[in-house]
2 protein chains.
Amino acid sequence: MLTISQLASYAGVTVRAVRHYHAKGLLPEPGRDQSGYRRYDAAAVVELIRIRTLAEAGVPLARVRELLVAGEAEFAAAVDEVDRRLRAEIRDRQRHRTRIARLAAGESLVLPPVAVAYVDRMRELGFPERLVEIERDSWIMIAAQVPEQLPAMMAIKHRQIEDPTLRRLYLDVGELADCTADDPRLPALADRVVAFIEAAVAQADVDDDAAGQPVSDDLVALLDEAFVEHFPCAPRLFRLLEQRGWTGWTNIRRTCPEPAGAALGRAQASRPE
Amino acid sequence: MLTISQLASYAGVTVRAVRHYHAKGLLPEPGRDQSGYRRYDAAAVVELIRIRTLAEAGVPLARVRELLVAGEAEFAAAVDEVDRRLRAEIRDRQRHRTRIARLAAGESLVLPPVAVAYVDRMRELGFPERLVEIERDSWIMIAAQVPEQLPAMMAIKHRQIEDPTLRRLYLDVGELADCTADDPRLPALADRVVAFIEAAVAQADVDDDAAGQPVSDDLVALLDEAFVEHFPCAPRLFRLLEQRGWTGWTNIRRTCPEPAGAALGRAQASRPE
DNA sequence: GCTTGACCTTGACGCAGGGTCAGGGCTGCA
DNA sequence: TGCAGCCCTGACCCTGCGTCAAGGTCAAGC
């Protein structure tokens, strides 16, 4: 008769595994000797080797229990299912590998390359880091929410940022980020923002109209909130804009219905955070 | 401000996962509103998306926590380690696939093909199922213990089983399996076993001597025990053999030292279970 | 007889990554 | 005011064991 460790060593598994198989009902509990030790016979070795063989083939223990007493048909079906699972797990791992390879290559992954390029370009052009960060975070959220519309939106942003007038406006917004609510430069800034938006609405490009309503109202509200959190003067700026007939920021709109309603989408695409 | 389910939906994870990340210290606990609900800002969305991105790349959560604040060098090292782990897991799965493919193809796996063929041949030759089963179980244990010596041992067994005299002896052992200890046919059987063993010792083939002492004494004892368990008449048979100067069964030996000691290994190779 | 070390027992916690309940509070809408 | 649908904490569940705790047993050496 064998002790548990002898049994385990014959079958090439650990003592702990044997007790685990007892607990799971895979291997019947053997009789005990007078001191309470489990005592195994050769049949237990064979059964344990069968269990180990299945387990090493990647069969979950719950399945092993069934397969030990299964007929050929169920056995084949179960094996088939296990193989499908293994293939799926291999596919998962391979996807993971390509993802971490891209991470290792320096890609941020939370942001597609086109957006990374945009953010980098902002830094090149001398935008304050604060502004760059909130812009980056906004695009992370947009990319997570509506990834398929990101390229179109990014194209517009790239064009906007290369436009000297608009770039000047952005830079000035960035510089006024930390000003107090009563800063005397704010009304003039609001005027310039409104002037830009109205010009954009007036000459609404045909090819930009495809953008439509790319992001949900919820997300727009969230982005506006993030803007307010990072820019102390934002509430005052918003009030100044409302006095000039515009409301919101990410998706800025007229407070009163506009005659040419089709231009709204174009206005949103120009959100100058 | 966002509720936990809004946050989760923006980042594309479950509410439970968000709380899990809080518990693991991956995502800082946000402030609560007056009713105790967690309230998140946009920065939390971005952080959660970063966590999800790493987690989806197969990075363990413990590593994610480090990587969120890691510099480039540690990041690269960690990524490298994760990739190694993923490769190892893929290799494991692929091994598992080949193993279950072999299982599906009908191979027993607990027994190499050469042993399966031997067991099948026993059935063809009309050996009683009881005898076949204990033989099979013995070989399972031997294959698990000393797989590299199995082919040589199997070659001997194949030759033995095709020898008409020895096959007749085996068949008679099988038929007497269930006889009582006082069965009158047992002494004659013991005589034939001894006659065979002594003949085998006398003409010890040169090419068989390589087998030497293939299995450990422990395993031999276990196999003998299994034999006794399946054959009620075994104790009586053993006593009869001892009266004739032989002890044991799997590794049968002379009770008194034999003049030509070199023949012992040959005797063992002929174990006629 | 005593110690020592190796073995045995049960019970419990731990791991990743959450799923799923239970039992209750809060909110918003009709 | 009632109801649906959120939210909260706490706790147990899954896999396949590893590992520790606290104690009983056994064989060997002195």
Query raised in the report: So, is B/Q6 close to the D/dG5 phosphate, meaning a side-chain N or O under 4.0 Å from OP1 or OP2?
Result: no

Query raised in the report: For A/K24 and D/dT15, is the shortest distance between a side-chain N/O and OP1 or OP2 below 4.0 Å?
Result: yes

Query raised in the report: Nearest-Å distance, CE (A/M1) to P (C/dC7)?
Result: 20 Å

Query - Phosphate OP1/OP2 of D/dC7 contacted by B/T3 side-chain N/O (<4.0 Å) - result: yes

Query raised in the report: Would you call B/E47 and B/R50 a salt bridge, using N to O less than 4.0 angstrom?
Result: yes

**Report entry** Atom pair distance, as rounded to whole Å: CD in A/E56 and C1' in D/dG16
**Finding:** 13 Å

Report summary line: To the nearest angstrom, the CD1-P distance between B/I4 and D/dC8 comes to 5 Å

Query raised in the report: Going by modelled atom types, is there a donor-acceptor pair between the base of C/dG25 and the side chain of B/Y37 at under 3.5 Å?
Result: yes

**Report entry** B/R19 CZ - D/dT9 P separation (whole Å)
**Finding:** 7 Å

Requested in this report: Give a yes/no answer on whether the side chain of A/S5 brings an N or O atom under 4.0 Å of OP1 or OP2 in C/dC8.
Outcome: yes

Report task. Examine distances only and state if a side-chain atom of A/R130 and a backbone atom of A/H230 form a donor-acceptor pair shorter than 3.5 Å. Result -> yes

Query raised in the report: Are any of B/R16's side-chain N or O atoms less than 4.0 Å away from OP1 or OP2 of D/dC12?
Result: no

Query raised in the report: C/dC8 P sits how many Å from A/L7 CG, rounded?
Result: 10 Å

Query raised in the report: Do A/E81 and A/R85 sit within salt-bridge range, that is, some charged N less than 4.0 Å from a carboxylate O?
Result: no

Query raised in the report: When the distance from NE2 of B/H22 to C1' of D/dT9 is rounded to whole Å, what number comes out?
Result: 13 Å

Query raised in the report: Is a side-chain N or O of B/R63 found less than 3.5 angstrom from the main chain of B/A78, in a donor-acceptor match?
Result: no

Requested in this report: Scan A/R32 against the nucleic acid and name what it touches under 4.0 Å (heavy atoms): base, sugar-phosphate only, or nothing.
Outcome: sugar-phosphate

Query raised in the report: Quick one: is A/S35 getting a side-chain N or O under 4.0 Å of the D/dC26 phosphate, OP1 or OP2?
Result: yes

Report summary line: Of B/A62 and A/Y40, the one whose nearest nucleotide on DNA chain C sits closer to the 5' end is A/Y40

Query raised in the report: Given atom NE2 of B/H20 and atom C1' of D/dC13, what is their separation to the nearest angstrom?
Result: 14 Å

Query raised in the report: Are A/Y21 and D/dG16 close enough that a side-chain N or O sits under 4.0 Å from OP1 or OP2?
Result: no

Report task. Please tell me if the side chains of A/P30 and A/M1 come closer than 4.5 Å, counting only heavy atoms from C-beta onward. Result -> no

Report task. Nearest whole angstrom, please: distance from the C1' of C/dG17 to the CG of A/D92. Result -> 14 Å

Query - Phosphate-side-chain proximity, A/Q34 and D/dC26, N/O vs OP1/OP2 below 4.0 Å - result: yes

